[in-house]
Enquirer: 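Attaching a single structure in structure tokens format; questions to follow.
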Amino acid sequence: MKKLFSIFFLLTLSIILVGCSASNAENKKVRIGYQKNGTTLLLKANGELESRLKELGYSVEWSEFNTGSSILEALNSGAIDFANASDAPSVMALSKGMNFKYIAAENSTPQMEGILVKNNDAIQSVEQLKGKKVAYNKASISEYLLVSALATVNLTLDDVQSVILSPADANIAFENGDVDAWVIWDPYMTVSESKGNKILTTAEGIVEHRSFYYASDKFIKSNEDAVIAYVEELTKVGEAIDNDSSEAAEILEENTGITADVWITSLGRRSSVATYMDESAQADLQRLNEDLYEIKLTTDLIENLENYIWKP
């Protein structure tokens with residue numbers, strides 16, 4: 001009888017432990033912050049990442065953000081586990097003491113941001129921005145491009161009238177003629193160009209422009225399997241977009257109201273494939289780190305930038 005009781009006790013204990021393990025797996029959650037671009041929206045729409053993470057015991061929660069600085073603040077605060085933003089906001093965030101890891105990067109695409117003016121405007125060169133009202137988003141790739149572009153003609157921010165606006169508000173101000181120029185990235189740039197406005201200059205030859213993917217250090221330490229799944233699914237989605245952007249363009253049209261043909265043009269200006277951090281991406285970050293410090297968009301140079309880069 002005693003032996004039977006022991007067997008019964010062990011079986012009961014095993015069932016309880018298995019149940020607890022299953023419950024814990026079901027309670028694991030991946031919180032993904034995203035901005036409305038082709039890669040993240042297609043990743044969200046096709047469900048492949050969620051299916052893969054479900055097999056690993058995770059549920060997924062998506063949160064939308066409008067700017068790189070806001071999504072990185074959420075990542076730093078622990079509100080989300082993954083984020084996607086361009087290069088300049090991330091270095092600015094780290095220089096302020098935020099903490100996160102770079103986990104993947106897309107190729108440099110400087111042709112995806114630029115300075116816009118009206119097509120019939122007298123402004124024909126960057127030098128002619130002197131004294132003009134220029135709209136841009138603070139602490140962003142726009143500010144970095146503007147400062148760098150002005151420097152090529154021996155001008156500084158003090159030589160223009162800075163108008164700090166979000167992309168949506170800047171778009172209205174630019175269309176209404178309340179500002180003379182607008183420094184912006186895609187898809188806004190392509191939309192504005194399709195309305196007959198002119199790209200005074202892109203970032204090509206002035207600054208690099210990369211999109212990066214990030215994760216919190218705390219999340220990586222306990223959930224490396226989820227990080228690997230996230231990056232691998234990003235790569236697959238990016239390859240699909242590069243092969244045929246029509247599906248991504250349709251999903252983007254549904255989610256943004258911007259027509260698919262505009263999105264096809266925008267997506268055609270870049271490669272959407274994200275891969276694990278390599279030496280080229282790290283070198284671009286280091287140059288950016290030094291540039292932002294030199295032009296005083298950051299007050300501190302980030303030491304040992306490689307400590308913020310994760311590789312599997």
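Numbers for residues simply follow the sequence, beginning at 1.
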Enquirer: With side chains defined as the heavy atoms from C-beta onward, is the minimum distance between Met92 and Leu297 less than 4.5 Å?
Expert: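 Yes; the side chains approach each other to less than 4.5 Å.
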
Enquirer: If we only count heavy atoms from C-beta on, is the Trp62 to Leu43 side-chain gap below 4.5 Å?
Expert: yes

Enquirer: Take atom CD in Glu175; do more than 12 heavy atoms of anything else shown fall under 6.0 Å from it?
Expert: yes

Enquirer: Looking at Ala274, is its backbone amide N or carbonyl O close enough to the side chain of Thr235 to form a donor-acceptor pair, meaning the two atoms are under 3.5 Å apart?
Expert: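 Yes.
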
Enquirer: Going by the rule side-chain hydrogen bond (donor to acceptor under 3.5 Å, both in side chains), which residues pair with Ser192 if we only count those two or more places apart in sequence or in a different chain?
Expert: Asn197

Enquirer: Within the 3.5 Å criterion, strictly below it, is a donor on Trp263 or Thr256 matched to an acceptor on the partner's side chain?
Expert: yes

Enquirer: Any donor-acceptor pair under 3.5 Å linking the side-chain atoms of Ser246 with those of Asp244?
Expert: yes

Enquirer: May I ask you to check whether over 12 heavy atoms, not counting those of Lys96, lie within 6.0 Å of atom NZ?
Expert: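 Result for NZ/Lys96: open.
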
Enquirer: Side chains of Tyr58 and Asn223: is there a donor and an acceptor less than 3.5 Å apart?
Expert: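 There is such a pair (donor and acceptor under 3.5 Å, judged by atom type) between the side chains of Tyr58 and Asn223.
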
Enquirer: For a 4.5 angstrom cut-off between non-hydrogen side-chain atoms, does Leu53 reach Tyr230?
Expert: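 Sidechains of Tyr230 and Leu53: no contact.
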
Enquirer: Quick one: does NZ or CZ of Lys133 land under 6.0 Å from the six-membered ring centre of Phe174, within 45 degrees of the ring axis?
Expert: no

Enquirer: Would a 4.5 Å heavy-atom cut-off, applied to side chains only, mark Pro110 and Thr202 as touching?
Expert: no

Enquirer: With no hydrogens and no angle check, is any side-chain donor or acceptor of Asp159 less than 3.5 Å from a backbone partner on Thr156?
Expert: yes

Enquirer: With no hydrogens and no angle check, do the side chains of Ser245 and Arg270 hold a donor and an acceptor under 3.5 Å apart?
Expert: no

Enquirer: In this structure, which one of Glu48, Glu247, Lys236 forms a side chain to side chain contact (heavy atoms under 4.5 Å, CB included) with Leu42?
Expert: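 The single option meeting the side chain to side chain contact (heavy atoms under 4.5 Å, CB included) with Leu42 is Glu247.
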
Enquirer: With hydrophobic residues grouped by side-chain heavy-atom distances under 4.5 Å, do Leu305 and Tyr144 end up in a single group?
Expert: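 Same cluster.
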
Enquirer: Contact between Ile123 and Leu129 at the side-chain level, heavy atoms closer than 4.5 Å - yes or no?
Expert: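 Yes; the side chains approach each other to less than 4.5 Å.
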
Enquirer: Compute whether any side-chain donor of one residue and acceptor of the other, for Thr40 and Asn84, lie under 3.5 angstrom apart.
Expert: no

Enquirer: Tell me yes or no: between the side chains of Ser271 and Asp242, is some donor less than 3.5 Å from an acceptor?
Expert: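 Yes - a donor-acceptor pair under 3.5 Å links their side chains.
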
Enquirer: Which residues, ordered by chain and number, are linked to Leu301 in its hydrophobic cluster, where ILVMFWY side chains connect at heavy-atom gaps below 4.5 Å, directly or through other members?
Expert: Tyr293

Enquirer: Examine distances only and state if a side-chain atom of Gln111 and a backbone atom of Arg269 form a donor-acceptor pair shorter than 3.5 Å.
Expert: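 Such a contact is found between Gln111 side chain and Arg269 backbone.
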
